[in-house]
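In what follows, a single structure is set out as structure tokens and then discussed.
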Amino acid sequence: MKTLSTLHGAVLASLLSSTALAAELTVPSGGSIQDVVNQAAPGDTILVEPGIYHQSVYVDKPRITLRGLRDGDNWALLDGEMKLNDGIIASGHSIVIDGFRVTGYKGNGIMTQGANNFEISNNYVEGAFYGIFPQFGRNGLVIGNTVTGAEDAGIYVGMSDNVDVIDNVAFGNVMGIEFENTRNALMAGNHVYDNAAGITLTLVPGLPVKDAYSQVIRDNRIIGNNHVNFAPASSIAAGVPSGTGILVVGPDNITIENNEIADNDNVGVFVADLITFGMDSDPKLDPYSDGVRVMGNTWRGNGENMNGMLAEMLAATGKTGIEVLAMGKGRDSCVLPGDGIDTLGTRRWQDCLGDNSVAGFATARLEGGAEEPEYTLEQKGRLTYLAVCTGCHAYDSVLHGPSMQSIQAIYDGDPSGMVGYITDPVRKREGFPEMPPQTYLGEETLDAIASYILEDLGK
Amino acid sequence: MTRNGKTVALLATCAALLGTALAAQTGSVLSDLESEEVRARYRAEAAEKIACPRIEGYDALMAAFEKNATSKWDRAAMGCATEYGARAMDELSLPTNLIWAVATFRTGNIETHLEVLGAHLDYFEVLDQSYSAHYQGVELAAELGLRWEQARERAEGLMARIDPLVSKLNEARLLRAAYLLASTLRETQTDAQNAAVATAVEDLQIAIGENPEALDGLGPLLLGQVLAVLPEFLGGDILAAIALLEQAHALNPTDLSVHHTLVEAYLGERETDKALALLKQAVGIDPVAENLQDYVDEMKYLGGLALRAGAPELARQMGEQRATVLAAHQQLDPRKEMAALGHGGADPLTGKKPEDLN
């Protein structure tokens, strides 16, 4: 079996790869994935044998395929043992991350950061804060993954463009699948059940990307998303009302079509403005959800068991069993009159027209792919600081580790001292967990992070 | 009356959707920090950190209050100032009978009480702005939570003494409404928030009926803010809100917090021309007419609105004026927005900072 799947991987890789000379490297069971990544050249495929890997992996080379091999239930298993923060982080363009089982990370299961033309496929990610999290990516595909147990979003596409999220399964997360500050994206064929909220489409304040628009949500099954919201109370996700099929907060030009939306206790589709959630701190954002089209979906048993904050809010109206709830000042939204659904707050909505249909919309990705700019050291420093260090450090407060302000004071003018510490951390503070070494990021990136922290951050 | 408490900004109503989470399952960095033990430790540290030096006697307390009651750039100083103010009020009797108050020359006591309450409202607003837009670190969360609780406890004490005056004194009614809105912005359960907003709306309607001009038009400003935010099926009414905010603007044309809300309401109604006209007026307002911290905060906000309204040149101008005031007054807080848990901070690709107005 093993040889067969290896062979299969090899053939696929050589088909996908753009360089004829691409090599195939193998990580033996339990070996260091990072070592092999470091040896690899752009275009190479890295096969990871089934086994257990207590590691964080960082890929910043372009066109690397990282593939976990599987032998029945025996996966290439990345296990952070609840000590490590990140499973796989990639900022190389045209990265493929395929076939891993990922568990026990405190931050990100699989993250791409600034990687264009990415593909994340056939992984099984459990736990973590964000399960699968492509951020700042253009042109990407998230397909065939299963994600569960994320304290925020299971699959979380953030500040990205032209992304397809297709045929994934998300259950037992706070949010099943989220598009956040994302433009041009397709979510299709996913099965999203038993999350606190199934699908969330959001525009979040205070991020570098100031808009979110043109998203197609079609042919998904969004069933029984009534899990208690187990997001940490201090996180934004704690405000997401459990029992919600689809939550739209802020983006424009959204089509929700041909989905099966059933048994979500509070509401099928909830369209709100940023202000509804107290998320209106960023004046640069247009806080209204405009152009939301809800058409041709199958509905069953939504809003039949209202509870919690939404029940409290709507108590005065005496309404339950609502399929579409609108609570904002958005314009140009519509439902299809023939769908015969119960709505509330849709006084300004219109009737959808047949030609609003996007039933045949096949992909949001770009023909020919996106450009692949090479990042400067400065950009790399900022990208990895954001992806990795902010998982445990905030600027002016203790998070998991001490505040960056206090760290700036310790290492003022001494970047190599800082690099020394993060390469080989020692226990210094009473009552703090240990900081895991960051060597996997490589010397060049660590230098870039240190100079960003000491010379630019907060200055 | 002081200008304190006039700028009570946003309203909680719907932010009330924020619920309390149950215990987390997976042990992320944030959920580790939710543990009772960790929180108790940071609360104890915060309590020590925010304790104010002891001051005794009415005059000394009032002097310490006056010194920092409007230091909006320094929540620690403001926290102690409001504490001193509240303690001074403990030493002051407050007549509940207005005729008796006039007869005994103690109307001043009433004003002082309202002034100290107003300072608390400003303090709530400063605290509200200190929360990060995304994720709180545990240290900051513990500090802000404790500050909020302590401020609310003090303000409740003041309110208990002011309450009997509400039916006789319009200003007291207005400040009660402002208090209800400001003190429930954070750290409050949904049902308590909803109840506070409902009571505040009633108070505001009565107060505006009696005299819309009281406290420079605070009534129309607050009610306008509330009606602009509430969903229609819960009594919200954007057109009524705009009429109220226009009234507030006419009564108090140099208050940037009125510009802030009214521009936002115009943009919500896609009345971009009206929004731009108001933004142009705002950029011409003399900074010394405002609390300087309010000025730089509002310039940042209005500059953002100008960008959204498609007026980058106006935004740039606001950014420059803001920078000039910040440079001349180093004590002011630039309110940097920094990243946590993968969110916020500078744009990693361009290096642009969130507060940049270009």
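Bear in mind the structure is a predicted one, so any value in this text is a computation, not a measurement. In the text below, chain A, chain B and the rest are named by the order of the sequence lines, each starting its count at 1.
Between A/Phe129 and B/Tyr135, the two ring planes are perpendicular [angle over 60°; tilted spans 30° to 60°].
For the atom pair CG of B/Leu349 and CZ of A/Arg382, the computed distance is 7.5 Å after rounding to the nearest 0.5 Å. Considering CE of A/Met313 and CG of B/Leu234, their distance stands at 5.0 Å, rounded to 0.5 Å. One finds the OG atom of A/Ser235 at 11.5 Å from the CG atom of B/Leu33 (value rounded to the nearest 0.5 Å). Expressed to the nearest 0.5 Å, how far OH of B/Tyr42 lies from OG of A/Ser397 amounts to 8.0 Å. Once rounded to the nearest 0.5 Å, the distance linking CD of A/Gln405 with CE of B/Met338 reads 8.0 Å.
Remark: B/Glu269 engages A/Arg348 in a salt bridge, criterion side-chain N to carboxylate O under 4.0 Å. The pair A/Asp286-B/Arg270 does not meet the salt-bridge criterion, since no charged nitrogen lies less than 4.0 angstrom from a carboxylate oxygen. Ion pairing between A/Asp396 and B/Lys336 fails under the 4.0 Å rule for side-chain N and carboxylate O.
Only the side chain of A/Asn85 comes within less than 4.5 Å of a heavy atom of chain B; its backbone N, CA, C and O stay farther away. When heavy atoms are compared at a cutoff of 4.5 Å, B/Ala198 does not approach chain A at all. Proximity to chain B is absent for every atom of A/Lys83, based on heavy atoms less than 4.5 angstrom apart. In this structure, the portion of A/Asp290 lying under 4.5 Å from any heavy atom of chain B is its side chain and not its backbone. Only the side chain of A/Leu325 comes within contact range of chain B, judged by heavy atoms closer than 4.5 Å. Residue contact with chain B, scored on non-hydrogen atoms closer than 4.5 Å, involves the side chain of A/Val204 exclusively. Contacts of A/Ala326 with chain B are made by backbone atoms alone, with heavy-atom separations under 4.5 Å and no side-chain atom involved. Heavy-atom distances place the backbone of B/Thr350, and not its side chain, under 4.5 Å from chain A.
Comparing B/Leu140, B/Val29, B/Val138 by heavy-atom pairs within less than 4.5 Å of chain A, the highest count is held by B/Val29. Annotation: maximal heavy-atom pairing with chain A below 4.5 Å, among B/Pro354, B/Gly268, B/Ala133, occurs at B/Gly268. Between chain A and the options B/Glu232, B/Lys300, B/Glu337, B/Glu143, heavy-atom pairs under 4.5 Å are most frequent for B/Glu232. Interface remark: of the candidates A/Arg347, A/Glu378, A/Met111, A/Lys380, A/Arg347 forms the most heavy-atom pairs closer than 4.5 Å to chain B. The most heavy-atom pairs under 4.5 Å with chain B, out of A/Tyr452, A/Tyr130, A/Tyr385, A/Tyr375, come from A/Tyr130. Chain B forms the most heavy-atom pairs under 4.5 Å with one residue out of A/Ala394, A/Ala316, A/Pro205, and that residue is A/Pro205. Contacts with chain B were tallied for A/Leu383, A/Leu457, A/Val174; A/Leu383 has the most, counting heavy-atom pairs under 4.5 Å. Ranked by heavy-atom pairs under 4.5 Å with chain B, the list A/Gly107, A/Gly206, A/Gly330 is led by A/Gly206. For the set A/Leu314, A/Asp456, A/Leu285, the count of heavy-atom pairs under 4.5 angstrom toward chain B peaks at A/Leu285.
Applying the 6.0 Å contact sphere to CZ of B/Arg147 captures more than 12 heavy atoms from other residues, nucleotides or ligands. Dense packing is recorded around CD of B/Glu313, with more than 12 heavy atoms of other residues, nucleotides or ligands lying under 6.0 Å away. A 6.0 Å sphere centred on CD of A/Glu81 holds more than 12 heavy atoms belonging to other residues, nucleotides or ligands.
Taking the side chain as every heavy atom from C-beta outward, A/Val209 and B/Asp347 never approach each other to under 4.5 Å. Annotation: side chain of A/Leu207 is in contact with side chain of B/His134 (closest heavy-atom distance under 4.5 Å). When side chains are defined from C-beta on, B/Leu357 counts as touching A/Lys284, because their heavy atoms get closer than 4.5 Å.
Scanning all heavy atoms of the two residues, the minimum distance from A/Glu151 to B/Ser28 falls at OE1-OG, 2.6 Å. Here the closest heavy-atom approach between residue A/Ser281 and residue B/Tyr301 is recorded as O-CE1, 3.8 Å.
Side-chain atoms of A/Ser403 and B/Glu139 include no donor-acceptor pair closer than 3.5 Å.
The side-chain contact (heavy atoms from CB on, under 4.5 Å) test with A/Pro283 is passed by exactly one of B/Val263, B/Leu307, B/Leu305: B/Leu305.
Applying a 4.5 Å heavy-atom cutoff, the residues of residues 386-393 of chain A that approach chain B are A/Leu386, A/Thr390, A/Gly391, A/Cys392, A/His393.
Checked by atom type and distance alone, the side chain of A/Lys329 never pairs as donor or acceptor with a backbone atom of B/Ala265 at under 3.5 Å. A/Glu312 places no side-chain N or O within 3.5 Å of a backbone atom of B/Thr190 that could act as its donor or acceptor partner.
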